[in-house]
Participant: 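Supplied in structure tokens, the structure appears directly below.
In this text the structure is predicted, and so the values were computed from the model without any measurement. The residues of the chain are indexed from 1 along the displayed sequence.
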Amino acid sequence: LASDASGARYSRVAMWLHWLIAALVAAMLGLGWWMNELVPDHSPQQDAIQWWHVSVGLTLMVLVVLRIVWRAMHAPPPLPSGMAHWERSLASFIHVLLYGLLLAQPAIDIYLHDTYFVVAHFHIIMGVAAIFGIFGGNYYWFPKMFGRMMHEGMGKAHFWFSRVVSYALFMQIHFLGITGHPRRYAM
């Protein structure tokens, strides 16, 4: 991860912590998906996977704190001198934001777990993203297929209308989840 021509690099410890944290985040996503979608509810297997999910999550939290402490004690290599000031600021902001999200996740998860917030978030990410991908493909391929451009004003109106309507639909479910509405009821 050389950052400029002087050869300054992150230390091996910082790089190992970075990639270990990234691997554990991927493991958490996989375990969470497996636990919630592929295993029957309230089964012994789900309990075992949930135990692993909690264990990996706590390990991840400890490693994130360790990485932040390491970063505070060891200065990172300088960013390339050719970067604009706004690029440096944006890179720093996103870096801090990602670590903040990793640290906030356990506290938020305790409150929002098993509420409608999870349902809304899943559907807005998976469903709306797929639909917008189809729209994007349509805007890209239409001129190639029919030999003429689409009306730009209509395209922008379609984009913003679709965005506002999809968020208006799913924000209601997000708010239900934030207020604690349960995702499922015991039968």
Participant: Flag yes if Val118 and Leu38 sit in one hydrophobic cluster, no otherwise; membership is Ile, Leu, Val, Met, Phe, Trp, Tyr, and two members link when side-chain heavy atoms are under 4.5 Å apart.
Facilitator: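 Val118 and Leu38: separate clusters.
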
Participant: Of all the heavy-atom pairs spanning Ala120 and Ile173, show the shortest one and how long it is.
Facilitator: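 For Ala120 versus Ile173, the nearest heavy atoms are CB-CG2, 3.4 Å.
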
Participant: Parallel, tilted or perpendicular for Tyr99 and His95, by the 30°/60° rule?
Facilitator: perpendicular

Participant: Could you see if Val13 belongs to whatever hydrophobic cluster contains Val65? Use Ile, Leu, Val, Met, Phe, Trp, Tyr and a side-chain cutoff under 4.5 Å.
Facilitator: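 Val13 clusters together with Val65.
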
Participant: Does Phe159, at its CZ atom, have more than 12 non-hydrogen atoms belonging to other residues, nucleotides or ligands within less than 6.0 Å?
Facilitator: yes

Participant: Can you see which heavy atom on Leu63 is nearest to which on Ile21, and at what distance?
Facilitator: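 Distance-wise, the nearest heavy atoms are O-CD1, 3.7 Å.
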
Participant: Atom CZ of residue position Arg183 - does it have more than 12 heavy atoms of other residues, nucleotides or ligands inside 6.0 Å?
Facilitator: yes

Participant: Atom CG of Leu176 and atom CZ of Phe170: how far apart are they, to the nearest 0.5 Å?
Facilitator: 13.0 Å

Participant: To the closest 0.5 Å, what do you measure between OH (Tyr167) and NE2 (His174)?
Facilitator: 8.5 Å

Participant: If you round to the nearest 0.5 Å, how far is CG of Leu90 from CG of Leu97?
Facilitator: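 It is 10.0 Å, given to the nearest 0.5 Å.
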
Participant: With rounding to the nearest 0.5 Å, note down the distance linking CH2 in Trp52 to OG1 in Thr59.
Facilitator: 9.0 Å

Participant: Counting distance only, does the side-chain N/O of Ser166 pair as donor-acceptor with the main-chain N or O of Arg163 below 3.5 Å?
Facilitator: yes

Participant: Under 30°, 30 to 60°, or over 60°: which ring-plane class applies to His158 and Phe135, parallel, tilted or perpendicular?
Facilitator: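 Plane angle over 60°, so perpendicular.
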
Participant: Heavy atoms only: give me the nearest Gly32-His53 pair and the separation to one decimal.
Facilitator: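 Reported closest heavy-atom pair: N-CD2, 3.5 Å.
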
Participant: How long is the span from the NE2 atom in His18 to the OG atom in Ser11, to the nearest 0.5 Å?
Facilitator: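 If I round to the nearest 0.5 Å, the distance is 12.5 Å.
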
Participant: Count I, L, V, M, F, W, Y as connected when their side-chain heavy atoms are under 4.5 Å apart, and connections chain through other members. Are Val64 and Leu31 then in the same cluster?
Facilitator: yes

Participant: Donor-acceptor pair, distance only, cut-off 3.5 Å: does the side chain of Gln172 make one with the backbone of Leu169?
Facilitator: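 Absent.
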
Participant: Can you get from Leu98 to Val62 by hopping between Ile, Leu, Val, Met, Phe, Trp and Tyr side chains that sit under 4.5 Å apart?
Facilitator: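 Shared cluster, no.
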
Participant: Which atom names give the shortest non-hydrogen contact between Met28 and Gly57, and what distance separates them?
Facilitator: SD-N, 3.4 Å

Participant: Checking Leu58 now: which residues fulfil side chain to side chain contact (heavy atoms under 4.5 Å, CB included) with it, not counting sequence neighbours?
Facilitator: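 Leu58 satisfies side chain to side chain contact (heavy atoms under 4.5 Å, CB included) with Val54, Met61 only.
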
Participant: Which value, rounded to the nearest 0.5 Å, describes the distance between Trp16 atom CH2 and Trp70 atom CH2?
Facilitator: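 Rounded to the nearest 0.5 Å, the CH2-CH2 separation comes out at 14.5 Å.
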
Participant: Measure the shortest side-chain to side-chain distance between Pro143 and Arg148 over non-hydrogen atoms and say whether it is less than 4.5 angstrom.
Facilitator: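 No, every pair of side-chain atoms sits at 4.5 Å or beyond.
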
Participant: Considering all heavy atoms of both residues, which atom of Tyr10 and which atom of Arg67 are nearest to each other, and what is their separation?
Facilitator: CE2-NH2, 4.1 Å

Participant: Taking His121 for its side chain and Phe117 for its backbone only, find out whether a donor-acceptor pair lies under 3.5 Å.
Facilitator: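 Absent.
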
Participant: Give a yes or no on this: more than 12 heavy atoms of other residues, nucleotides or ligands lie within 6.0 Å of atom NE2 of His181.
Facilitator: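 Yes, because the 6.0 Å sphere around NE2 of His181 holds more than 12 heavy atoms from other groups.
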
Participant: Can you name the nearest heavy-atom pair linking Arg88 to Met83, along with the distance?
Facilitator: NE-O, 3.5 Å

Participant: Please answer: with hydrophobic residues joined when any side-chain heavy atoms are less than 4.5 Å apart, are Phe93 and Trp86 in the same cluster?
Facilitator: yes

